[in-house]
Student: 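Here you go, one structure.
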There are 2 protein chains.
Amino acid sequence: MITSKDVARLAGVSQPTVSRALNDHPKVSAATKQKVREAARALGYAPSAVGRALSTGRTTRVGLVVTDLDNQFYSYVIAPMHDELGRLGHELVLVTEADETGPIAERLISLGLAGVVLATTTVDSILPARLQDRGMPFVYFNRVAGVEADAVVVDPSAGVEALARAVADAGHKRAAAIFGPHNTSTGEERERAMRAALEEVGISLSQRDVVHGPFDFESGRRGAHELLGRDGAPSLLICANDLVALGALNAAAELDIDVPGRVSIIGFDDLPPSRWALVQLSTVAYDLEAMSREAARLIVSRVQGDRGAPARRVAFGTTWVPRATVGPSPR
Amino acid sequence: MITSKDVARLAGVSQPTVSRALNDHPKVSAATKQKVREAARALGYAPSAVGRALSTGRTTRVGLVVTDLDNQFYSYVIAPMHDELGRLGHELVLVTEADETGPIAERLISLGLAGVVLATTTVDSILPARLQDRGMPFVYFNRVAGVEADAVVVDPSAGVEALARAVADAGHKRAAAIFGPHNTSTGEERERAMRAALEEVGISLSQRDVVHGPFDFESGRRGAHELLGRDGAPSLLICANDLVALGALNAAAELDIDVPGRVSIIGFDDLPPSRWALVQLSTVAYDLEAMSREAARLIVSRVQGDRGAPARRVAFGTTWVPRATVGPSPR
DNA sequence: CTGAAAGCGCTTACAG
DNA sequence: CTGAAAGCGCTTACAG
């Protein structure tokens with residue numbers, strides 16, 4: 001490995017001068033900087049992030065902590081977050097959190113992460129408290145938990161209220177729903193917003209027409225088979241997110257149930273596949289890409305700046321995007 | 001930060017003994033190990049990967065290098081690769097390679113990566129040679145380039161030949177194709193295999209019915225608009241991969257062209273959305289998850305083991321998976 | 001079986 | 001403006 005010592009030798013200066021020159025320290029003469037840069041280039045020198053990290057006590061790595069990396073939702077988060085982190089001189093490390101909330105905090109510290117983005121926190125997770133105790137900066141992404149911290153979240157209300165008015169106008173009277181898990185803030189908040197909005201417009205949501213499940217395709221598929229398979233099913237199926245709705249849409253295809261002829265289906269997130277001509281899912285949209293970038297900016301600013309600053313919360317608004325999966329109520 | 005020194009103090013031993021005890025060194029007495037472990041637990045000590053890396057000259061971070069992180073293909077690669085790396089005690093760092101092949105090798109070294117997986121290498125890239133010069137272990141994923149190195153690849157022949165026979169049996173005489181980029185081994189190899197297989201079964205592929213583009217949705221959408229929009233278009237459209245085929249399928253929907261009534265569409269990869277009831281894309285399948293895991297195993301074994309060992313190439317076979325997007329030729 | 005010493009590659013006061 | 005020194009948190013020969 002080529003180190004700053006090698007560069008120093010070639011440039012005829014001391015090793016600390018190499019460090020200062022390459023970091024563009026103001027008190028290094030232009031001539032020396034020039035000499036050092038040339039030597040570095042000649043040797044193909046690449047400063048070691050490991051050496052720097054040990055010396056400064058800080059790295060430029062940010063962890064994205066998720067439980068289920070194969071949930072497709074995150075694939076739409078990773079690219080913009082990675083991109084924004086790169087722009088800010090940081091790297092993205094993926095970390096999956098096993099079910100046991102055991103040594104994960106220690107692991108994050110061990111890895112030498114500068115900070116982490118928590119994307120799948122459950123409300124009962126002890127991880128946020130652990131991180132706070134250990135002084136590891138973090139930001140909540142999409143979901144929040146008990147401990148006060150920076151957060152990027154979605155405010156469902158505007159989109160959900162518009163949605164409710166639209167389906168009421170389309171004549172729907174009874175809805176079914178596949179909601180998210182009870183132990184996630186997102187699941188709970190959307191469910192609450194949706195129930196309130198439906199009630200407001202006089203659409204009923206009977207307990208027997210509601211199921212809960214994870215935010216994934218299979219949950220939607222299974223839930224739809226259960227809810228739509230029986231006679232007298234509601235004319236409207238509301239889903240916890242787009243992946244759930246895509247699962248439900250496919251279940252409808254499997255059951256040969258016409259959408260939106262017999263049932264209207266609604267998602268939440270507006271992921272790219274929802275916009276496909278083949279899909280045209282009606283959904284509640286927000287700017288997921290901007291949200292991912294914002295999380296990157298928040299964690300970097302927290303890592304670099306004042307750790308004691310008050311927690312910031314950035315909320316993204318939602319809009320209702322009607323497409324082909326919602327139609328007039330058949331009854 | 002809690003360090004081994006703190007643990008040493010509490011346990012009443014020297015700092016190196018802490019290191020040895022926690023690494024389960026055989027010559028440390030059971031009693032000492034016990035004492036040290038308790039002290040470590042009491043303090044919530046997490047050994048610093050940064051300190052270890054500097055000391056051993058090695059990290060446990062593996063980089064996944066891609067140009068286009070928002071290509072959905074990679075989202076199906078990342079989860080299993082990350083999982084397998086985790087199983088082997090390594091982490092996954094995402095690295096995007098900007099167009100300029102400039103300082104990327106230096107960057108990878110700088111980051112302190114133990115090794116990298118190259119997933120979007122073009123045949124004209126200088127990166128592999130650079131990495132080899134610098135002694136950075138790497139494995140090719142899905143694509144290869146000039147420099148000899150470990151590789152996991154797909155052998156298209158079996159799947160493509162079966163496909164050709166199937167479409168010939170279905171009466172197709174003329175095909176159109178949206179192939180991948182010329183500067184990727186994968187694009188070239190699939191195109192070659194496909195042309196040979198079509199010729200074998202007597203299906204023509206006229207130059208005016210062939211376009212090339214990136215391995216993404218938009219390429220398929222655009223290509224299909226171009227190829228299917230005109231009169232007398234072939235009855236069969238072969239795509240470079242599933243994302244391209246999904247784009248083509250959506251273009252067909254946009255153009256109100258019946259699939260497979262008027263045109264049959266074929267992909268390559270068998271990504272999960274291809275199996276959706278709503279999609280049912282006929283495609284050439286291989287085990288992408290196993291392939292991703294294999295890449296993880298190869299790079300870890302290269303990093304840990306003999307760097308001089310001969311390059312290994314693991315090829316994954318393909319099968320033809322007929323679904324709903326292929327039908328009899330209408331003509 | 002355990003400790004003292006050295007070293008990994010940087011950065012950063014401290015002198016001069 | 002630049003060098004010598006110290007130190008970040010580990011691991012690993014070297015003694016004993």
Side-chain angles (χ1 to χ4, degrees), chain A residues 1-37 39-40 43-61 89 106-107 109-114 134-135 304, chain B residues 1-37 39-40 43-61 89 106-107 109-114 134-135 304:
Chain A
M1 190 184 201
I2 296 152
T3 72
S4 55
K5 271 187 198 160
D6 302 312
V7 177
R9 199 172 311 122
L10 181 61
V13 298
S14 73
Q15 178 273 324
T17 294
V18 170
S19 169
R20 282 187 283 243
L22 295 179
N23 287 322
D24 210 19
H25 189 101
K27 312 203 163 178
V28 174
S29 78
T32 302
K33 280 182 187 167
Q34 176 70 5
K35 225 173 19 180
V36 170
R37 286 204 193 104
L43 294 173
Y45 169 66
S48 153
V50 172
R52 174 175 300 143
L54 191 55
S55 175
T56 61
R58 237 184 43 205
T59 68
T60 53
R61 288 190 291 276
E106 280 65 30
R107 186 142 172 268
I109 307 224
S110 249
L111 287 175
L113 298 177
R134 302 327 250 348
Q304 293 180 331
Chain B
M1 189 184 201
I2 296 151
T3 71
S4 56
K5 270 187 198 159
D6 302 314
V7 178
R9 199 174 309 123
L10 181 61
V13 298
S14 74
Q15 178 272 322
T17 294
V18 170
S19 170
R20 283 187 282 245
L22 295 180
N23 288 322
D24 210 19
H25 189 100
K27 316 203 158 177
V28 173
S29 77
T32 303
K33 280 182 186 168
Q34 176 69 7
K35 221 170 29 176
V36 170
R37 286 205 192 103
L43 294 173
Y45 169 66
S48 154
V50 171
R52 174 175 300 143
L54 191 55
S55 176
T56 61
R58 239 183 43 205
T59 67
T60 53
R61 289 191 290 278
E106 281 66 31
R107 186 141 172 270
I109 309 226
S110 249
L111 288 174
L113 298 177
R134 300 334 245 351
Q304 293 180 331

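Reminder, nothing fancy here: chain letters follow the sequence lines and each chain counts from 1.
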Student: What is the distance from atom CD of A/Gln304 to atom OG1 of A/Thr60, rounded to the nearest 0.5 Å?
Tutor: 10.0 Å

Student: Is B/Thr17 near enough to C/dC1 that one of its side-chain N or O atoms lies under 4.0 angstrom from OP1 or OP2?
Tutor: no

Student: Looking at A/Thr32, I'd like to know whether one of its side-chain N or O atoms comes within less than 4.0 Å of OP1 or OP2 on D/dC1.
Tutor: no

Student: Quick check: does any side chain N or O of B/Ser110 sit under 3.5 Å from a backbone N or O of A/Pro47, one acting as donor and the other as acceptor?
Tutor: yes

Student: Under the salt bridge (charged side-chain N to carboxylate O under 4.0 Å, His left out) test, which residues partner A/Lys5, sequence neighbours left out?
Tutor: none

Student: What integer distance in Å separates A/Asn23:CG from D/dC1:C1'?
Tutor: 16 Å

Student: Please identify each residue that fulfils side chain to side chain contact (heavy atoms under 4.5 Å, CB included) with A/Leu113, with sequence neighbours left out.
Tutor: A/Arg61, A/Val93, A/Val95, A/Leu108, A/Leu111, A/Val116, A/Met136

Student: Please report the interatomic distance CE(A/Met1) to CG(A/Asp6), rounded to the nearest 0.5 Å.
Tutor: 10.0 Å

Student: Under 3.5 Å, sequence neighbours excluded: what are the donor-acceptor pairs made by side chains of residues 10-20 of chain A?
Tutor:
from    : atom 1 : to      : atom 2 : distance (Å)
A/Ser14 : OG     : A/Thr17 : N      : 3.4
A/Ser14 : OG     : A/Thr17 : OG1    : 3.1
A/Gln15 : NE2    : A/Ser4  : OG     : 3.1

Student: State the dot-bracket string of DNA chain D. Criteria: Watson-Crick or G-U wobble, both atom distances under 3.5 angstrom; notation: ( ) intrastrand, [ ] crossing earlier pairs, | interstrand, . unpaired.
Tutor: |||.||||||||.|||

Student: Taking only residues two or more places apart in sequence or in another chain, which ones pass salt bridge (charged side-chain N to carboxylate O under 4.0 Å, His left out) with B/Arg58?
Tutor: none

Student: Apply side chain to side chain contact (heavy atoms under 4.5 Å, CB included) to A/Ala40 and list each qualifying residue two or more places apart in sequence or on a separate chain.
Tutor: A/Val7, A/Leu22, A/Tyr45

Student: Without decimals, in angstroms, what is the distance between B/Gln15 CD and D/dG9 P?
Tutor: 10 Å

Student: How do A/Arg52 and B/His25 order along DNA chain C: which one's closest nucleotide is nearer the 5' end?
Tutor: B/His25

Student: Side-chain contact test, heavy atoms from C-beta onward, threshold under 4.5 Å: evaluate it for B/Leu43 versus B/Arg9 and give yes or no.
Tutor: no

Student: Counting only side-chain N and O atoms of B/Ser14, is one of them less than 4.0 Å from OP1 or OP2 of C/dA4?
Tutor: no

Student: Let me spell it out: for each of A/Ser19 and B/Val28, pick the nucleotide of DNA chain C with the closest heavy atom. Which residue's pick is nearer the 5' end?
Tutor: B/Val28

Student: Check nucleotides 13-16 of chain C against the protein and report each pair of N or O atoms closer than 3.5 Å, with its distance, or say if there are none.
Tutor:
from   : atom 1 : to      : atom 2 : distance (Å)
C/dA13 : N6     : A/Arg20 : NH1    : 2.8

Student: Quick check on contacts: within residues 1-11 of chain A, what sits under 4.0 Å from DNA chain D by heavy-atom distance?
Tutor: none

Student: Near DNA chain C, which residues from residues 53-60 of chain A have a heavy atom under 4.0 Å away?
Tutor: A/Leu54, A/Ser55, A/Thr56

Student: To the nearest Å, give me how far apart CG (A/Leu111) and P (D/dC10) are.
Tutor: 13 Å

Student: Please report the distance, rounded to the nearest Å, between CD in A/Gln34 and P in D/dT2.
Tutor: 13 Å

Student: B/Gln34: which residues meet the side chain to side chain donor-acceptor pair (under 3.5 Å) condition with it, sequence neighbours left out?
Tutor: B/Glu38

Student: If you compare all heavy atoms of B/Asp24 against all heavy atoms of B/Arg37, which two are closest, and at what distance to 0.1 Å?
Tutor: OD1-NH2, 3.5 Å

Student: Under the side chain to side chain donor-acceptor pair (under 3.5 Å) test, which residues partner B/Ser29, sequence neighbours left out?
Tutor: B/Thr32

Student: Please name all residues satisfying side chain to side chain donor-acceptor pair (under 3.5 Å) with A/Ser55, sequence neighbours left out, ordered by chain then number.
Tutor: none

Student: Taking the side chain of B/Ser48 as its heavy atoms from C-beta onward, which of C/dC10, D/dG9, D/dT2 lies nearest to it?
Tutor: D/dG9

Student: Identify the two heavy atoms, one from A/Gly51 and one from A/Ser48, that lie closest to each other, and give their separation to 0.1 Å.
Tutor: N-OG, 3.0 Å

Student: Once you round it to whole Å, what is the distance between P of C/dT11 and CG of A/Leu22?
Tutor: 8 Å

